[in-house]
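Have a look at the structure below before the remarks.
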2 protein chains.
Amino acid sequence: MGRMPSFDAPVVVTAARDLFWDRGFEAASLADLERVTGLGRSSLYHAFGSKRGLFDAAVADYLETVIRPRLRPLLAESAGRAALLEYYGGLSLAVASLPADSPRRGCLLVNCAAGLAGHDDLARKVVDDYRSELTAALRHALAGAAAETTPGTDAATAVLEERARTLASLSMSVMLLARVNRDESLALLATAAAQVRSWHP
Amino acid sequence: MGRMPSFDAPVVVTAARDLFWDRGFEAASLADLERVTGLGRSSLYHAFGSKRGLFDAAVADYLETVIRPRLRPLLAESAGRAALLEYYGGLSLAVASLPADSPRRGCLLVNCAAGLAGHDDLARKVVDDYRSELTAALRHALAGAAAETTPGTDAATAVLEERARTLASLSMSVMLLARVNRDESLALLATAAAQVRSWHP
DNA sequence: TATATGCTGGATCGAACGGTACACAAAAAC
DNA sequence: GTTTTTGTGTACCGTTCGATCCAGCATATA
């Protein structure tokens, strides 16, 4: 009973997500959101309640369609050295192939860490959960790699933790630099891959 | 000829700098700037021309009074292992001692990288110059450390470059995380110091 | 077809935004 | 003391912000 929405919700969220990705939460205006989604204010507010509601939906979409597909191979049972190197390869391809004016440069959540998360506890938690998830995925693949290259010896968990933390931080810096200096971002990705190779030759 | 300013310019710039540091360029309103500086709009515009002019002055002050004093020891003739470890020690102290609601958490320029620098070429250049300066300082101290621990052998420049890039990236991540998860930020600083120790035992 | 329900377009809201105009006050120059 | 130059306070500019309201329309249910 009642009229059906004339838009496709996932498409709208994706369009909004790319705008937030590019501009950040505050700098993305409702006029911009109307433009990129093709929806009027009424529909936007009816469907998402507020600008923040739309942003939250965009973040959820970002995690599910951008972040997790990238991390999934690192979490596979068999993940190890090769999965790590493919992770960096895929990231390099993405950074290198994006046009300079693409809205999808860097990472929505890394940008969020420097912006919203400074004063919004909810946003801070989302960003920290992302960091945690990224670190866990890298840790898992590092453990697998250690089992491959030095079979039989359990890697010291302290070493594993430090390496995972290091790689996660390098990934975040890569995303930060992607908006500032693409060549440096790519060089950093190469450095991260080289680090993995030196740990697991 | 003419009236003297009734304010101390460096004090005003410092106050504005701390606000920009905390909120970022766009989220710091003129009303906020009036409040923290104690000056009226007229005086602000008369002295700095625009909000952006004040921001640029704040960035210059930030580089000169916050960044460069920290990097200077790394650039000393004698800089090496000890200088690097002291650099991380100082950073740890700063991150650990700042109250959770301090405006001076993280790094103004790292925040800028995720915000303004995305669409402002001038800001992008300032941020990239900062990255370059940070990397150069770390590279210099790493070269010194290599000369200390393995005297006589010139360190391979490629290795030096990768290590400098890694440490610079870790520093930027530390600043990013300082606004999100202080404990993780400190853990990352400890990891960076441990990395230096493992390279130069 | 009648009705109930929910989507949509457009107008509009009050608040906040960055920026400006101008009269006045104060101090240096003469 | 007069003049000249410059800083300051106040009021206000037009624009944009996120958000809301409401009339009208489309459609699933009965």
Side-chain angles (χ1 to χ4, degrees), chain A residues 1-59 108 111-112 115-120 122-123, chain B residues 1-59 108 111-112 115-120 122-123:
Chain A
M1 45 173 115
R3 183 174 174 178
M4 297 291 290
S6 71
F7 59 90
D8 186 41
V11 170
V12 165
V13 171
T14 298
R17 180 248 279 164
D18 283 356
L19 185 70
F20 285 128
W21 195 342
D22 187 36
R23 309 268 178 93
F25 174 72
E26 318 194 76
S29 73
L30 276 178
D32 293 331
L33 288 165
E34 287 181 308
R35 188 174 38 79
V36 301
T37 62
L39 264 59
R41 234 161 258 235
S42 310
S43 306
L44 250 23
Y45 271 83
H46 189 83
F48 302 100
S50 66
K51 182 188 178 185
R52 181 57 186 269
L54 179 52
F55 179 75
D56 293 340
V59 168
L108 199 165
N111 300 344
C112 196
L116 255 199
H119 292 93
D120 182 306
L122 239 88
Chain B
M1 44 163 118
R3 182 174 172 181
M4 297 293 289
S6 72
F7 61 89
D8 186 39
V11 170
V12 165
V13 170
T14 297
R17 179 250 280 167
D18 283 356
L19 184 70
F20 285 128
W21 194 344
D22 187 36
R23 308 269 180 93
F25 175 72
E26 321 196 69
S29 73
L30 276 176
D32 293 330
L33 288 166
E34 288 181 309
R35 188 174 38 79
V36 300
T37 61
L39 263 60
R41 231 161 260 234
S42 310
S43 305
L44 248 24
Y45 272 82
H46 191 82
F48 302 100
S50 66
K51 183 187 178 185
R52 182 57 186 266
L54 179 52
F55 179 74
D56 292 340
V59 168
L108 199 164
N111 299 344
C112 198
L116 254 201
H119 295 281
D120 182 306
L122 239 90

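Only this structure's heavy atoms are used, side chains among them; waters, hydrogens and symmetry mates stay out. Order of the sequence lines fixes the chain letters, A, B, ..., with proteins taken first and strands second; residue numbering starts at 1 for each chain.
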* Asked: What integer distance in Å separates B/R23:CZ from C/dC17:P?
  -> 10 Å
Where do N or O atoms of nucleotides 19-23 of chain D meet protein N or O atoms at under 3.5 Å, pair by pair?
from	atom 1	to	atom 2	distance (Å)
D/dA19	OP2	A/Y45	OH	2.4
D/dA19	OP2	A/K51	N	3.1
D/dA19	O5'	A/Y45	OH	3.2
D/dA19	N6	A/R41	NH1	2.9

* Report which part of the nucleic acid B/A27 touches: base, sugar-phosphate, or nothing (heavy-atom distance under 4.0 Å, all strands). => nothing
* **Below 4.0 Å: OP1/OP2 of C/dC17 and any side-chain N or O of B/S29** => yes
* Asked: Starting at CZ of A/F55 and ending at P of D/dC17, how long is that distance when rounded to a whole Å?
  -> 17 Å
* To do: Figure out the CG/P separation between A/L44 and D/dC17, and round it to whole Å.
  => 14 Å
* To do: Figure out the CG/C1' separation between A/L39 and D/dG18, and round it to whole Å.
  => 17 Å
* Asked: Is there a donor-acceptor pair under 3.5 Å between the side chain of B/S43 and the backbone N or O of B/L39?
  -> no
* Give the rounded distance in Å between these two atoms: CZ of A/F48 and P of D/dG18. => 16 Å
* **Spacing between A/F25 atom CZ and D/dC17 atom P, to the nearest angstrom** => 13 Å
* **Set of salt bridge (charged side-chain N to carboxylate O under 4.0 Å, His left out) partners for B/R35, sequence neighbours left out** => B/D32
* What's the CD-P distance between B/E26 and D/dT16, to the nearest Å? -> 15 Å
* Between A/E34 and A/G40, is there a donor-acceptor pair closer than 3.5 Å when you use the side chain of the first and the backbone of the second? -> no
* Asked: Parallel under 30°, tilted from 30 to 60°, perpendicular over 60°: which one fits the rings of A/F25 and A/F20?
  -> parallel
* With the side chain counted from C-beta on, respond yes when B/F55 and B/L116 share a heavy-atom pair under 4.5 Å apart, and no when they do not. => yes
* Partner residues of A/E26 under the side chain to side chain donor-acceptor pair (under 3.5 Å) criterion, sequence neighbours left out -> none
* Within this structure, what is the CG-to-P distance between A/D32 and D/dG18, rounded to whole angstrom? -> 8 Å
